[in-house]
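Take a look at the structure below.
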Amino acid sequence: STQEAGLTNGTPVETSSPASVSSLFNRLQLDDDLDADSRDPYGCTETRDLFVTVDDPKKHVSTMETYITYRVSTKTTRIEFDLPEYCVRRRYQDFDWLRIKLEDSQPTHLIPPLPEKFVMKGVVDRFSEEFVETRMKALDKFLKRVADHPVLSFNPHLNAFLSAKDLNKRQGLALLTKVGESVKHVAGGYKMRARPPEFCAMGEYLDTFSQKLGTIDRIAQRILKEQSEYLTELREYGTLYSSWAGSEEELRRPLEGVAGCVTTCCTGLEDLSENMSQDFLPVLREYILYIESMKNVLRKRDLSQAEYEGRLEAAVLRKQEDRTPIPMEVEKCQDKVECFNADLKADWERWQSNKRQDFKQLLTGMADKNINYYEKVMQPVINDTLTRFK
Amino acid sequence: RMAEDGKEDNFLMKPCLCGIKMVEEGCTLLRRMEICVAEAEKRSGKNAVNMQETFTVYLIETRPMDALNEGRNPAPDSLWRRYSEFELLRNYLIVTYPYIVVPPLPEKRAEFVWHKLSADNMDPDFVERRRVGLENFLLRVASHPVLSNDKILYHFLTEEHGWKEVVYETGFQAKVLQIFTSAKEVIRFMEMKHYSDELQSHTSQLLRARARVADRLYGVYKVHGNYGRVFSEWSAIEKEMGDGLQSAGHHMDAYAASIDDILEEEEHYADQLKEYLFYAEALRAVCRKHELTQFELEMASQDLISKKQQREELATGIVRTFSFKGMTNKLFGQEAPEQREARLKLLEELIAEGEDTVKEKTVECEEHVERAWVDMQRFKEQKDKDLREALINYAVMQISMCKKGIQVWGNAKECFLKM
């Protein structure tokens, strides 16, 4: 099988992915600490040469519609970019465009997910500060994951997204790749013999993991509900101490003290709940989407294996009939499958490693917030016990 | 020793525990006797309608203080009493000392229950809290400057059999409340009434709200237990993350379990509030008695006034107010002068009696009002001290709860960091 030229930009990316070349290239770059990279890809910032950030949301009102744009800032030393710095404004549609382009042009790779596209009007306020904030964080994460990917980050669509003044989305039509077509044209006629065990294991893992995350989501929502009801009762409880204090003399200060502490508890609880719904739950839900993306890639891999097996079988039969040699296409299919498998395994490792970091961060964050809550509540109680009561 | 002034009720009829020292009014029982409610036991027996019932009895132990002060450690005298006997003692004290704010008993049935707490009178936690409450009641009564000298109280603590009969023999149930008050004390009592209403309202509202808060807090903690299970299941499919997740799950279980002890401890705080809720009731009872006796004094005064008017009419022949006698006189003619004389004489006697009664009762009443006011001040001081302490303890409980929370989440964080 022939290897196509490696990194390109501006020309269509072929199906026989340069993954093996580019990953080799990457490994040469990151010669210092291979192991560390596979476990902690965010760690080696010295070797990263592409930094992206999404921030500064702004509302745009036009006669046709109202929408939000975000500032996308880029800093890079890569020669694939003309300038070392870029600053453009993009809206959600643009991110969606990028994602579709990446999926089409890099079918063998796992593309990170975007936050939900559609929000039910009337249920969620698309322009509320919380919603915009949450969405922006998710878009930032999406872009960072793409920028950190050794293959995806060199995709010309990403380049255009980050640098072009006006994103001409019709440009994309011309770049419909063979892969996209061939994947779409694989009919139900091809059936895969057997999924290799390593991919079976992946599939099972994803199913179970997705289930567990769903459970955690439900638990977190339940906690939010319980906390909200606790908060309601607590507020009334606090006011009762205040009103009792009003009819006492000696006891007035201690009672007011308790009322104050209850109030602190209420504020702390509000913060805790807000953090849960603004930071914790969105990340959790995003991972559930991520799992779905990964499952899709697995399915695509299965399809390409099925296609190969099907074509091979047909070619072998023909050879037996009239000595027609095995066509090149079949070999190309085999290459495709092997590349796909290799890419997928590499992406899987990276994904597992990222997942570990992300969840470590998410869960320690949750623990920290709870610790902060108790510390915040305890402080005035200690202070008050020392001053008011003595 | 019997006193000369005839105030037998204020001195003990039994040989004094101090030996030859005379027991003065004001030297409280608790100084001379160590009292505690040591144990509780379940008993079965037939009740008044010959049905089998189960009830709890409490062991009262007493020891003489002078023996303890001398360093000896004698075995305590003890007897068993059930809740209904405590109630009888308290009812007796309320009637016999109507101007005293009598310490309350712990609740008869579990009230202000948040859902996890049992409402069953046989529940061991309830029985234990009741034991503490009964001991508290006895200590308060035995340290009260007036109540502690009562002989029925002493019998209650020392004579197991026949005590009930002795109480009934005092005839306290038939005693008519005879407290009167003069006009200027009404203001004091209105203040007292308002205060007791406020105390009652605040404590009862607070207790209800606290129970609701406890219920909700319980829910928050317990739901976290689900994290324990799901982390454990999740850890099974992980390699490097597995251990950290599994251990963190255990800490989540510990967090969920910790709420039981926390809320059990808070019940002590609730009990302290409850005691003052019931104390407020006792205070209101004193005020109600005042209102009742105020009314009785007015009735007696009215009666005296009306008799005086009748005398005047009889003496002068002028009818100022409508009366049947006046009407019949008009219709059927005046009565004979002998009859008139007889009636006048009777009236004079009744008026003299009535004046004496009103005078006596006004004096008695003012004395009682003085004592009640004094007891009220004592009560206020006691209440301020006790509730202040209760609030401090509550604050300490909250600090402890926060520390536990920090510890558990800190442990969980350690585990997450090792993922």
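Predicted model only: the values in this text are computed from it and were never measured. What's counted below: heavy atoms across the whole structure, side chains too, no hydrogens, waters or symmetry copies. So you know, we letter chains A, B, ... as the sequences are listed, proteins then strands, and number each from 1.
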Stepwise side-chain contact (heavy atoms from CB on, under 4.5 Å) test for E248(A) and D384(B): CA-CA 9 Å; E248(A) 291 287 340; D384(B) 285 340; 4.0 Å; yes
Pairs of heavy atoms under 4.5 Å with chain B: top-ranked of [options]:
{"options": "M366(A), E204(A), E249(A), Q361(A)", "value": "M366(A)"}
{"options": "V377(A), I216(A), L234(A)", "value": "I216(A)"}
{"options": "I219(A), I371(A), T215(A), L240(A)", "value": "I219(A)"}

Geometric class of the Y394(B)/Y241(A) ring pair [parallel <30°, tilted 30-60°, perpendicular >60°]: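 Parallel, since the angle between the ring planes stays under 30°.
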E238(B) with K355(A): basic N within carboxylate O range, under 4.0 Å: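 Here E238(B) pairs with K355(A) in a salt bridge, since their nearest N and O are under 4.0 Å apart.
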N-O pairing of E250(A) and K385(B) below 4.0 Å: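 Salt bridge absent between E250(A) and K385(B).
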Toward chain A, the part of K222(B) with a non-hydrogen atom under 4.5 Å: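 Contact with chain A is absent: no heavy atom of K222(B) under 4.5 Å.
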Toward chain A, the part of Q205(B) with a non-hydrogen atom under 4.5 Å: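 Its backbone and side chain both get close to chain A.
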From CA spacing to verdict: side-chain contact (heavy atoms from CB on, under 4.5 Å), D368(A), W409(B): CA-CA 8 Å; D368(A) 271 333; W409(B) 280 103; over 6 Å; no
Residues Y227(B), I223(A); criterion side-chain contact (heavy atoms from CB on, under 4.5 Å); working and verdict: CA-CA 10 Å; Y227(B) 275 146; I223(A) 289 177; 3.5 Å; yes
Partner residues of Y374(A) under the side chain to side chain donor-acceptor pair (under 3.5 Å) criterion, sequence neighbours left out: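 Counting only residues at least two positions away or on another chain, Y374(A) forms a side chain to side chain donor-acceptor pair (under 3.5 Å) with Y221(B), Y255(B).
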Euclidean distance, I237(B) CD1 relative to K212(A) NZ, rounded to 0.5 Å: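 Taking NZ in K212(A) and CD1 in I237(B), the distance rounds to 7.5 Å.
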